[in-house]
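What follows is a single structure, written as structure tokens, with notes after it.
We name chains A, B, ... by the order of the sequence lines, and we start the count at 1 in each one.
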Protein chains: 2
Amino acid sequence: MAPAMRNTDLNNDLGPIVQKTMADVVEIRLREYLKEKSFKPGDPLPKEMEMAQSLGVSRNVVREALSRLRMLGMVETKKKRGMVLARPDILSSFERVLDPLIIGDSTLRDIFELRLTLEVGLADLLYLRKTKKDVEELEQIARNQKVTSGRQTFRIKNEIAFHGKIYQMTGNETLQRFQSMLLPVFGYLVSLEKVPIIGKVSHLDLVEILKHGSKEEFRQGMLKHLEHHFAKLK
Amino acid sequence: MAPAMRNTDLNNDLGPIVQKTMADVVEIRLREYLKEKSFKPGDPLPKEMEMAQSLGVSRNVVREALSRLRMLGMVETKKKRGMVLARPDILSSFERVLDPLIIGDSTLRDIFELRLTLEVGLADLLYLRKTKKDVEELEQIARNQKVTSGRQTFRIKNEIAFHGKIYQMTGNETLQRFQSMLLPVFGYLVSLEKVPIIGKVSHLDLVEILKHGSKEEFRQGMLKHLEHHFAKLK
DNA sequence: CTTTTTTAATTTGTCCTACATTTAAACGAT
DNA sequence: ATCGTTTAAATGTAGGACAAATTAAAAAAG
């Protein structure tokens with residue numbers, strides 16, 4: 001693990017030689033500018049032409065940079081009105097690049113581990129915010145699975161529903177959205193398995209713990225539920 | 001929590017009426033195109049002019065869309081060679097929008113919770129991969145703090161060093177980078193505290209657990225270490 | 001004088017053309 | 001066949017023009 005680590009540091013320190021285009025530079029400059037001047041959401045930004053002239057580049061280049069910030073939701077534009085700083089949705093940018101087919105294998109494994117880590121760590125939030133209604137709904141999902149344990153595709157869908165419901169119960173919207181966009185990654189990795197392996201602790205067991213057990217018991221239960229996944233990590 | 005949930009679903013289903021620009025559309029179309037044709041990293045893409053003609057838009061619009069994909073690291077361009085699909089760095093896009101000053105308060109709190117969740121859930125990876133050398137280095141950091149517990153700024157730096165080292169010990173590079181870009185958020189929230197509160201379990205205690213204790217003990221220890229943070233969550 | 005309507009002006013969105021720059025590929029000389 | 005040279009293709013940048021939208025101002029109506 002150490003060599004990989006050193007490599008990362010090296011990448012940070014020495015980075016590859018990349019020929020920055022004007023749009024790259026302008027994007028950075030604009031970002032710095034917004035920070036320095038401590039723009040807040042809603043504040044009006046300079047016009048495209050003003051930027052172009054100040055920076056000494058064509059309006060074309062400025063627009064390419066602005067197009068990037070617009071994509072991230074950092075700025076919004078209206079004709080005649082100009083542009084204003086906006087609150088970016090931090091996860092939408094994430095979503096765009098999270099495709100199991102184009103991200104590398106090592107990153108894929110990293111994300112898989114990240115998800116397992118989250119599931120085990122969720123207990124505290126869960127016990128802080130779970131409601132009786134939530135637990136009942138969760139139980140319904142778990143029972144639903146028990147009945148229709150036949151088809152493989154349905155099994156996966158139900159798996160998603162169950163764990164998704166748990167994230168929802170944390171009351172943390174960002175966490176919930178985060179997990180929902182991690183699902184394809186998770187599904188992709190599970191689909192690579194030849195034989196579906198079932199943990200020692202079932203969904204219904206977890207529901208039972210949620211009803212009458214403690215945080216620690218739930219953590220242990222979730223751990224056992226995901227055990228076979230952890231076992232695959234080397 | 002239910003109403004917020006419904007609202008989210010509504011936003012997904014019905015979304016606000018946004019006047020999509022050509023660049024937006026082209027970005028989406030290009031992304032679909034890459035998926036449908038199942039491009040893999042390294043594959044050459046069509047030329048700008050070809051795209052423009054096929055889509056019936058100006059080269060300018062195509063370039064704005066491409067500029068976005070370039071920013072995300074999805075495509076790389078070389079003159080004469082054209083463009084190739086590349087492996088995007090999933091976290092770099094995240095980094096761009098993760099500014100505590102422009103993301104909203106609720107998101108800020110969500111991320112704070114996310115981090116706490118991670119720290120508690122880390123134990124398994126940690127015990128799977130920790131080395132003697134790592135533990136020693138961690139101990140060094142913890143001792144360093146004990147000695148110089150005076151200045152506030154140093155305390156924070158040391159706090160970062162300690163927890164950062166823990167993430168590094170998991171051997172999960174993505175996780176490590178993820179936490180490092182979450183640091184500003186964390187630091188921002190901590191800086192809002194009037195009085196620095198110290199947990200019941202110190203860094204040195206955690207090191208001791210890592211040396212001779214079990215995973216469960218470590219999880220409990222970390223929980224106690226972060227207890228005052230969890231206490232603030234409602 | 002106030003309210004409504006019309007007009008004008010400003011700013012972004014799109015298209016077009018031109019040229020510089022880079023560099024892979026074709027070509028040619030030894 | 002190898003090395004250097006030329007060529008051509010693709011991206012990068014610049015600048016101008018106009019459409020579309022929408023605010024702001026001016027004009028008209030009451």
Enter the inter-axis angle for the ends of the helix from C:dC1-D:dG30 to C:dT30-D:dA1 (five pairs per end, rounded to 10°).
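Inter-axis angle at the ends, rounded: 20°.
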
Contact interval (first through last nucleotide) of DNA chain D with protein chain A, 4.0 Å heavy-atom:
D:dT13 to D:dT23

Name all pairs fulfilling the ring-ring contact (aromatic ring centres under 6.0 Å, His included) condition that reach into [range], sequence neighbours left out, sorted by first residue then second.
| range | answer |
| --- | --- |
| residues 41-85 of chain B | none |
| residues 56-86 of chain A | none |
| residues 77-99 of chain A | A:F94-A:F178, A:F94-B:F94 |

So which protein N/O to nucleotides 5-15 of chain C N/O distances come out below 3.5 Å?
from, atom 1, to, atom 2, distance (Å)
C:dT10, O4', A:K80, NZ, 3.2
C:dT11, O2, A:K80, N, 3.4
C:dT12, OP2, A:E48, N, 3.3
C:dG13, OP1, A:T77, OG1, 2.9
C:dG13, OP2, A:R63, NH1, 2.8
C:dG13, OP2, A:R63, NH2, 3.4
C:dG13, N7, A:R59, NH2, 2.8
C:dT14, OP1, B:M22, N, 2.7
C:dT14, OP2, B:T21, OG1, 3.0
C:dT14, O4, A:R59, NH1, 3.4
C:dC15, OP2, B:S58, N, 2.8
C:dC15, OP2, B:S58, OG, 3.1
C:dC15, N4, B:N60, ND2, 3.1

List the residues meeting side chain to side chain contact (heavy atoms under 4.5 Å, CB included) with A:T131, not counting sequence neighbours, and say none if there are none.
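Partners of A:T131 by the side chain to side chain contact (heavy atoms under 4.5 Å, CB included) criterion, ordered by chain and then number, come out as A:K133, A:D134.
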
Side chain to side chain donor-acceptor pair (under 3.5 Å) partners of residues 49-61 of chain A, not counting sequence neighbours, each pair once:
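Checked against side chain to side chain donor-acceptor pair (under 3.5 Å) - neighbours excluded - the pairs reaching residues 49-61 of chain A are A:E48-A:R59, A:N60-B:N60.
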
Just distance, no hydrogens or angles: give the donor-acceptor pairs under 3.5 Å from side chains in residues 76-87 of chain B, sequence neighbours left out.
from, atom 1, to, atom 2, distance (Å)
B:R87, NH1, A:I102, O, 2.7

Measure from NZ or CZ of B:K37 to the centre of the six-membered ring of B:Y33 and say whether it is under 6.0 Å with the direction within 45° of the ring axis.
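No.
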
Going by side-chain hydrogen bond (donor to acceptor under 3.5 Å, both in side chains), name the residues that satisfy it together with A:D24, two or more places apart in sequence or in a different chain.
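A:D24 satisfies side-chain hydrogen bond (donor to acceptor under 3.5 Å, both in side chains) with A:T21, A:R68 only.
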
Among all residues two or more places apart in sequence or in another chain, which pass the salt bridge (charged side-chain N to carboxylate O under 4.0 Å, His left out) test with B:R31?
B:E27

Partners of B:D124 by salt bridge (charged side-chain N to carboxylate O under 4.0 Å, His left out), sequence neighbours excluded?
B:K215, B:R219

